[in-house]
Visitor: 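This structure is in structure tokens; I'll ask about it shortly.
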There are 2 protein chains.
Amino acid sequence: MSKKSALQENLSYEQKFLEYLKSKGLRFTTERQVILNWVFKSHKHFEAEDLLMDIRQSGERVSKATIYRTLNLLVNCGLLREVIFGEKHSHYEHVHGDEHHDHLVCNGCGKIIEFTEEEIERLQDAVCLRYRFLPASHRLQIQGLCHGCQRAVKE
Amino acid sequence: MSKKSALQENLSYEQKFLEYLKSKGLRFTTERQVILNWVFKSHKHFEAEDLLMDIRQSGERVSKATIYRTLNLLVNCGLLREVIFGEKHSHYEHVHGDEHHDHLVCNGCGKIIEFTEEEIERLQDAVCLRYRFLPASHRLQIQGLCHGCQRAVKE
DNA sequence: CTCGATGCAAAGTATTTGCACCTAT
DNA sequence: ATAGGTGCAAATACTTTGCATCGAG
């Protein structure tokens with residue numbers, strides 16, 4: 001299993017999006033191209049507003065409505081996942097193949113730590129089996145204080 | 001360990017709320033009394049809107065603003081927990097002592113199945129230890145199809 | 001050429017807030 | 001008496017939608 005280069009990854013995102021659009025009879029517009037590029041330019045979590053700002057600052061121009069419409073498409077085609085961190089607006093992150101991770105959310109500084117724990121995933125499947133439930137996705141997030149913020153509180 | 005009667009439980013909720021209010025120099029008003037009664041009248045998950053409707057239909061009168069303000073108090077004093085089911089508005093459920101459960105959410109019929117899995121809780125603590133993270137609360141929810149809805153899809 | 005896409009502004013939701021009046025303590 | 005509380009309506013924050021126009025295939 002060789003690691004894919006950033007370029008290859010980027011191409012595969014575009015590939016996947018193109019296939020999705022074609023399968024639904026939708027079009028690959030300039031705006032969708034621009035948004036796709038920005039979404040996959042960094043690997044951080046982001047919000048619709050962040051994306052809008054970044055694109056505006058770069059000089060390119062896409063309306064807020066189109067941002068929202070396109071983010072929904074990207075979620076539906078499996079390139080993005082919506083992760084909720086307790087705030088009222090949506091946060092998004094990239095989906096990489098089958099890899100799944102969960103989040104530790106610091107109530108102090110807002111930092112988000114990603115972790116994976118195979119055993120928890122396995123136990124979730126066991127729970128689903130027990131209830132004859134067919135899982136499609138899941139979210140696990142633990143809120144608390146990161147190491148740095150614990151020390152800040154003690155002082 | 002004897003089971004507490006519904007009456008006893010209800011009293012203990014009121015007790016806890018009263019103590020919380022006193023500790024913060026807040027007042028126990030008629031409106032807060034009414035809301036408290038309705039919140040603990042049933043054991044189901046509910047939303048602010050549900051509560052407002054129920055109270056209005058009963059003939060008692062509390063404004064929407066007061067509902068929201070009081071729900072926040074009840075969350076802060078540990079009597080309610082906010083559970084998020086992917087919708088844009090908040091859902092609440094009762095907190096019973098230390099017992100914690102998580103949710104299976106059916107994308108078909110909206111049914112919510114509660115489950116507890118000690119081992120998952122234990123593994124979460126292990127993860128926190130690994131990252132020197134101090135957990136305060138967590139949410140795990142699995143979305144998918146319940147048994148009934150799986151059959152409906154097959155047909 | 002045709003139908004889907006875009007931008008804009010208006011409409012929705014869910015929740016919070018400012019303020020004048022009210023009431024528990 | 002005096003903070004804190006309440007209702008109301010207006011304000012907010014995020015997201016969706018209607019519609020006239022635009023552009024990809």
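Bear in mind the structure is a predicted one, so any value in this text is a computation, not a measurement. Worth knowing before you read on, the calculation uses all heavy atoms, side chains too, and leaves out hydrogens, waters and symmetry mates. Chain naming here is simple, since letters A, B, ... match the order of the sequence lines and numbering starts at 1 in each.
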Visitor: Tell me: CZ of B:Phe17 to P of C:dA24, nearest whole Å?
Guide: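 That distance rounds to 15 Å.
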Visitor: In Å, rounded to the nearest 0.5 Å, how long is the span from CD of B:Gln141 to CD of A:Gln141?
Guide: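 Atom-to-atom, B:Gln141:CD and A:Gln141:CD are 9.5 Å apart.
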Visitor: With a 3.5 Å cut-off and just heavy-atom distances, do the side chain of B:Arg27 and the base of D:dA3 make a donor-acceptor pair?
Guide: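 When only heavy-atom distances are counted, B:Arg27 does reach the base of D:dA3 through a donor-acceptor pair under 3.5 Å.
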Visitor: Could you walk me through whether B:His91 and B:Glu93 pass side chain to side chain donor-acceptor pair (under 3.5 Å), step by step?
Guide: CA-CA 7 Å; B:His91 295 239; B:Glu93 67 178 18; over 6 Å; no
Visitor: When you measure from the side chain of B:Val62, which nucleotide among C:dT15, D:dG7, D:dT15 comes out closest?
Guide: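 Within the option list, the nearest is D:dG7.
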Visitor: With a 3.5 Å distance limit and no angle check, can you tell me whether B:Asp50 reaches the backbone of B:Glu47 through a side-chain donor-acceptor pair?
Guide: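 Checking the backbone N and O of B:Glu47 against the side chain of B:Asp50, a donor-acceptor pair under 3.5 Å is found.
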Visitor: Tell me whether the OP1 or OP2 atom of C:dG7 has a side-chain N or O from A:Thr66 closer than 4.0 Å.
Guide: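 True: A:Thr66 side-chain N/O within range (under 4.0 Å) of C:dG7 OP1/OP2.
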Visitor: Among the nucleotides C:dA5, D:dC14, C:dT17, which one has an atom lying closest to any side-chain atom of A:His89?
Guide: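 Closest of the options to the side chain of A:His89: D:dC14.
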Visitor: Please report the distance, rounded to the nearest Å, between OH in B:Tyr92 and P in C:dA14.
Guide: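 Nearest whole value for this atom pair: 12 Å.
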Visitor: Nearest of D:dC8, C:dT6, C:dT15 to any side-chain atom of B:Ala48?
Guide: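 Selected nucleotide: C:dT15.
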Visitor: Taking CG from B:Leu26 and P from C:dA24, how many angstroms apart are they, rounded to a whole number?
Guide: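 Between P of C:dA24 and CG of B:Leu26: 15 Å.
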Visitor: If each of B:Thr29 and B:Asn72 is mapped to the nucleotide of DNA chain C with the nearest heavy atom, which maps nearer the 5' terminus, i.e. the 5' end?
Guide: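 Here B:Asn72 is the residue nearer the 5' end.
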Visitor: Can you figure out which of D:dC14, D:dT15, C:dT16 approaches the side chain of A:Lys88 most closely?
Guide: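 Nearest to the side-chain atoms of A:Lys88, counting from C-beta on, is D:dC14.
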Visitor: Please state whether the base of C:dG7 and the side chain of A:Arg69 form at least one donor-acceptor pair under 3.5 Å?
Guide: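 Result: at least one qualifying N/O pair found.
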Visitor: Does B:Tyr68 make a side-chain N or O approach to OP1 or OP2 of C:dT15 shorter than 4.0 Å?
Guide: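 B:Tyr68 to C:dT15 OP1/OP2: side-chain N or O found under 4.0 Å.
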Visitor: Provide, to the nearest angstrom, the distance between the CZ atom belonging to B:Arg32 and the P atom belonging to D:dG7.
Guide: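 B:Arg32 atom CZ is separated from D:dG7 atom P by 11 Å.
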Visitor: Round to a whole Å and report the spacing from CG of B:Leu71 to C1' of C:dT16.
Guide: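 Nearest whole value for this atom pair: 13 Å.
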Visitor: Is a donor on one side and an acceptor on the other found under 3.5 Å between the side chain of B:His94 and the backbone of B:Ser42?
Guide: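 Here the side-chain-to-backbone pair exists.
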Visitor: Rounded to the nearest Å, what distance is computed from the CG atom of residue B:Leu73 to the C1' atom of nucleotide D:dG4?
Guide: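 Taking CG of B:Leu73 and C1' of D:dG4, I get 12 Å after rounding.
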Visitor: Rounded to whole angstrom units, what separation is found between the CD1 atom of A:Ile67 and the P atom of D:dT17?
Guide: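 Distance check: A:Ile67 CD1 to D:dT17 P gives 17 Å.
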Visitor: When you match A:Glu49 and A:Glu31 each to their closest nucleotide on DNA chain D, which lands nearer the 5' end?
Guide: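 Result: A:Glu49.
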Visitor: Does any donor atom in the side chain of B:Thr66 or B:Glu31 lie under 3.5 Å from an acceptor atom in the other side chain?
Guide: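 No - no donor-acceptor pair under 3.5 Å links their side chains.
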Visitor: With nearest nucleotides of DNA chain C determined for B:Thr30 and A:Thr70 from heavy-atom distances, which residue corresponds to the more 5′ nucleotide?
Guide: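 This one resolves to A:Thr70.
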Visitor: Whole angstroms only, please: what is the CZ-C1' distance between A:Arg61 and D:dG23?
Guide: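 Distance, rounded to whole Å: 17 Å.
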